[in-house]
Amino acid sequence: MIKIFNTETLQLEEFKPIEEGKVRMYVCGPTVYNLIHIGNARPMIVFDTVRRYFEYKGYKVNYVSNFTDVDDKIIKKANEEGVDASVISERYIKECKKDMADLNVKPATTHPQATKEIAGMIEMIQELIDSGHAYVVDDGTVYFSVHSDRQYGKLSHKNLDDLQFNMRGIAVSGEEQKRDPLDFVLWKPKKEGEPYWDSPWCQGRPGWHIECSVMSKRYLGDTIDIHAGGEDLIFPHHENEIAQSECANGKPFVHYWMHNAFLNIDNHKMSKSLGNFKTVREIDAIYDPQVLRLLMLSAHYRSPLNFSAALMDSAKASYERITGCMDNLNFVLGSAADVPMTDEEKESLKAADAFRVSFEKHMDDDFNTADAISDIFDLVRFVNTNAKPDASKAYLEALRKELLTLTDVLGIIAERKQDVAGDEAAWIEEKIAERAAAKKAKDYAKADAIRKELSDKGITLMDTKEGTKWKKD
């Protein structure tokens, strides 16, 4: 039984899908005006893992994550480069997808783009106008009337009167025609140098909040199981999404709201002004992307996470424990006897199964990846102890499957593929055999020379009790 902490109710709730065996899930994606930063990466990794766990449990997940491809930042960058805004957005959608692939984030079932959903936005805005939840002012701007929604504030737990009091005296240029300071934009008139679309009210473009309401409805339906994103989106973005969607559709919008906590850098909030802003690409130039993924999952998603070089180095060492275990397991499997499992090995697998049971218990508890990772390391220790050269092939393959299954749920690539062609691999094995013969003949100078020859070509040798292993740096 999976339990989710629902931001709206502030309670841990048993997950009950709208449709048996299916999950409808929407995750707010990035605004594509630059390379994604590690703050963007946290929700991508966290909610990809949530999706993976649902799939592991047998659910069919319809996972939608949008790209905001029309925005002031995109337009500003396009004007600076003297190109169309679509050139900027398409460039960084491509780069974002590359970073996501490097982080082993699965592609969404659908990756809608705001600029391709304008017709649906115009339709929903008109429905809100017709039902009295939105209004048009003289210049063609369309505002949502917050006071028309009596439940406004239910996600962020903000009182409408308190919000109105805090907005008193705040004058926003260009919004003088608002009926209420809390009202927010659904459609705004075009400005020089900006992309625009025709609408019944004016030539212009949509406000930010309306795009997710429309895309969620189109690809998932009026009511969805899970809506997720960073906690910075709770107010006003997700609060406004609820207001738009429920007033337009007349149905509950979301059953479970999930939000990940902030990411800090060296115990300070990540900020361009502080100079501690890191892109995923910058980190990947130093570390394997899987190290960043492991770090992101090392804390519960609702807990703040600190990013530092020291913690990345620690995550790197942890990741190498996993891959080292798998390397050793594969090495032993290469010469294992293809014989039936012994009774002792069968009993041993029952012990190994306890790690999976504990893993599922932690993941069922609001996707507690921090403790689930501990279960994986317990399994790693178990495998390292029991993956012996005299073990049967069937037993070793069962251990391998157990480890691969659990790491795959977290999106951790445990089995690194050696980027070595067949001819090169054969040459390396030949050199290792020559070195072994030299050592046996006590010709240590020759053995050392062979190690150096391999090292110069980026091949590291590791002498273990099972034999000599190698990896390409």
Side-chain angles (χ1 to χ4, degrees), residues 1-3 15 21-23 25 44-61 63 101-107 288-298 300-301 315 318-334 336 338 341 345-388 391-418:
M1 178 178 66
I2 298 174
K3 291 186 176 181
F15 177 72
K22 296 182 179 180
V23 179
M25 186 171 181
M44 288 179 179
I45 291 169
V46 163
F47 299 117
D48 173 68
T49 304
V50 170
R51 171 197 186 171
R52 285 170 177 269
Y53 188 64
F54 273 119
E55 290 175 340
Y56 166 78
K57 297 287 276 189
Y59 287 91
K60 182 177 180 180
V61 183
Y63 188 94
D102 288 343
L103 293 169
N104 202 26
V105 172
K106 297 174 68 172
D288 188 309
Q290 288 293 287
V291 174
L292 180 59
R293 182 169 185 122
L294 187 60
L295 176 67
M296 293 292 187
L297 298 177
S298 65
H300 191 279
Y301 75 91
S318 295
Y319 180 55
E320 288 175 348
R321 285 174 59 196
I322 295 172
T323 56
C325 175
M326 185 57 69
D327 288 344
N328 179 64
L329 188 53
N330 286 335
F331 183 81
V332 176
L333 256 170
D338 192 5
M341 268 192 270
E345 287 175 337
K346 291 176 182 178
E347 286 300 313
S348 177
L349 284 182
K350 291 180 183 178
D353 195 52
F355 302 120
R356 178 189 56 78
V357 172
S358 180
F359 176 92
E360 290 185 7
K361 177 183 175 183
H362 289 131
M363 289 297 286
D364 283 346
D365 184 18
D366 196 29
F367 308 97
N368 185 350
T369 56
D371 286 343
I373 286 172
S374 295
D375 295 318
I376 286 176
F377 283 116
D378 287 341
L379 177 59
V380 164
R381 282 189 289 271
F382 184 89
V383 171
N384 284 337
T385 300
N386 291 279
K388 299 176 181 178
S392 71
K393 184 177 181 181
Y395 174 69
L396 294 172
E397 285 180 339
L399 289 179
R400 180 176 178 275
K401 181 180 179 181
E402 195 82 45
L403 183 56
L404 285 175
T405 297
L406 298 192
T407 51
D408 185 63
V409 172
L410 300 188
I412 302 297
I413 301 173
E415 192 168 30
R416 292 180 294 194
K417 303 297 183 185
Q418 291 282 4

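The figures here come from the full heavy-atom set of this structure, side chains too, leaving out hydrogens, waters and symmetry mates. As the structure is a computational prediction, the values presented were derived from the model and not from experiment.
Within the 4.5 Å cutoff, side-chain heavy atoms of Met326 are placed close to those of Leu404. Met363 is listed as a side-chain neighbour of Thr369, based on a closest heavy-atom distance under 4.5 Å. With a 4.5 Å cut-off on side-chain heavy atoms, Asn384 and Val380 count as touching. Within the 4.5 Å cutoff, no side-chain heavy atoms of Tyr63 are placed close to those of Val23. Two residues are said to be in side-chain contact when any heavy atoms from C-beta on lie closer than 4.5 Å; Ile2 and Lys57 meet this criterion. Contact annotation: the side chain of Leu349 approaches that of Tyr395 to within less than 4.5 Å [non-hydrogen atoms, C-beta and beyond]. Side-chain contact between Val50 and Met25 is present, with at least one heavy-atom pair separated by less than 4.5 Å. Taking 4.5 Å as the limit, some side-chain heavy atom of His362 sits within range of a side-chain heavy atom of Asp375.
Across Glu345 and Ser392, no two heavy atoms sit closer than the pair OE1-OG, 2.8 Å. Here the shortest heavy-atom pairing between Pro289 and Asp102 reads CB-O, 3.1 Å. Leu294 and Tyr319 get closest at one heavy-atom pair: CD2-N, 3.6 Å. Of all heavy-atom pairs between Leu396 and Ala387, the closest is CD2-CA, 3.7 Å. Shortest non-hydrogen contact noted between Cys325 and Val383 is SG-CG1, 3.5 Å. Considering all non-hydrogen atoms of both residues, Ala391 and Ala336 come closest at O-CB, 3.9 Å.
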* To do: Verify side-chain contact (heavy atoms from CB on, under 4.5 Å) between Arg52 and Leu410, making sure each step is shown before the conclusion.
  => CA-CA 7 Å; Arg52 285 170 177 269; Leu410 300 188; over 6 Å; no
* Starting from the C-alpha separation in whole Å, work towards a yes-or-no answer on side-chain hydrogen bond (donor to acceptor under 3.5 Å, both in side chains) for Gln290 and Asn104. => CA-CA 8 Å; Gln290 288 293 287; Asn104 202 26; 4.8 Å; no
* To do: Apply side-chain contact (heavy atoms from CB on, under 4.5 Å) to the pair Arg321 and Arg381, showing each step before the final yes or no.
  => CA-CA 9 Å; Arg321 285 174 59 196; Arg381 282 189 289 271; 3.2 Å; yes
* To do: Give the intermediate values and the outcome of side-chain contact (heavy atoms from CB on, under 4.5 Å) for residues Ile413 and Thr407.
  => CA-CA 7 Å; Ile413 301 173; Thr407 51; over 6 Å; no
* Asked: side-chain hydrogen bond (donor to acceptor under 3.5 Å, both in side chains) between Tyr56 and Glu360: does it pass, once the steps are laid out?
  -> CA-CA 10 Å; Tyr56 166 78; Glu360 290 185 7; 2.5 Å; yes
* Pair Arg356-Leu406, side-chain contact (heavy atoms from CB on, under 4.5 Å): steps then yes or no -> CA-CA 7 Å; Arg356 178 189 56 78; Leu406 298 192; 4.0 Å; yes
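Within the 3.5 Å criterion, the main-chain N or O of Asp366 finds a donor-acceptor partner in the side chain of His300.
Arg51 and Glu55 are joined by a salt bridge, as a carboxylate oxygen and a charged side-chain nitrogen come within less than 4.0 angstrom of each other. Residues Lys3 and Asp364 are not paired through a salt bridge, judged by the lack of any N-O separation under 4.0 Å between the basic side chain and the carboxylate. In this structure, Glu347 pairs ionically with Lys350, as a charged nitrogen and a carboxylate oxygen lie closer than 4.0 Å. Look at Asp365 and Lys361 and you find no salt bridge, because none of the NZ, NE, NH1 or NH2 atoms lies under 4.0 Å from a carboxylate O. With respect to Asp48 and Arg293, a salt bridge is recorded, a charged nitrogen being found less than 4.0 Å from a carboxylate O.
In this structure, the separation between CG on Asn330 and CD on Glu397 is 10.0 Å, given to the nearest 0.5 Å. To the nearest 0.5 Å, atom CD1 of residue Ile412 and atom CG of residue Leu403 are 11.5 Å apart. Residue Asp353 holds its CG atom at 11.5 Å from OG of Ser358, rounded to the nearest 0.5 Å.
The 12-atom threshold is not exceeded at NZ of Lys393, counting heavy atoms of other residues, nucleotides or ligands nearer than 6.0 Å.
Residues Phe367 and Phe54 place their aromatic rings such that the two centres sit under 6.0 Å apart.
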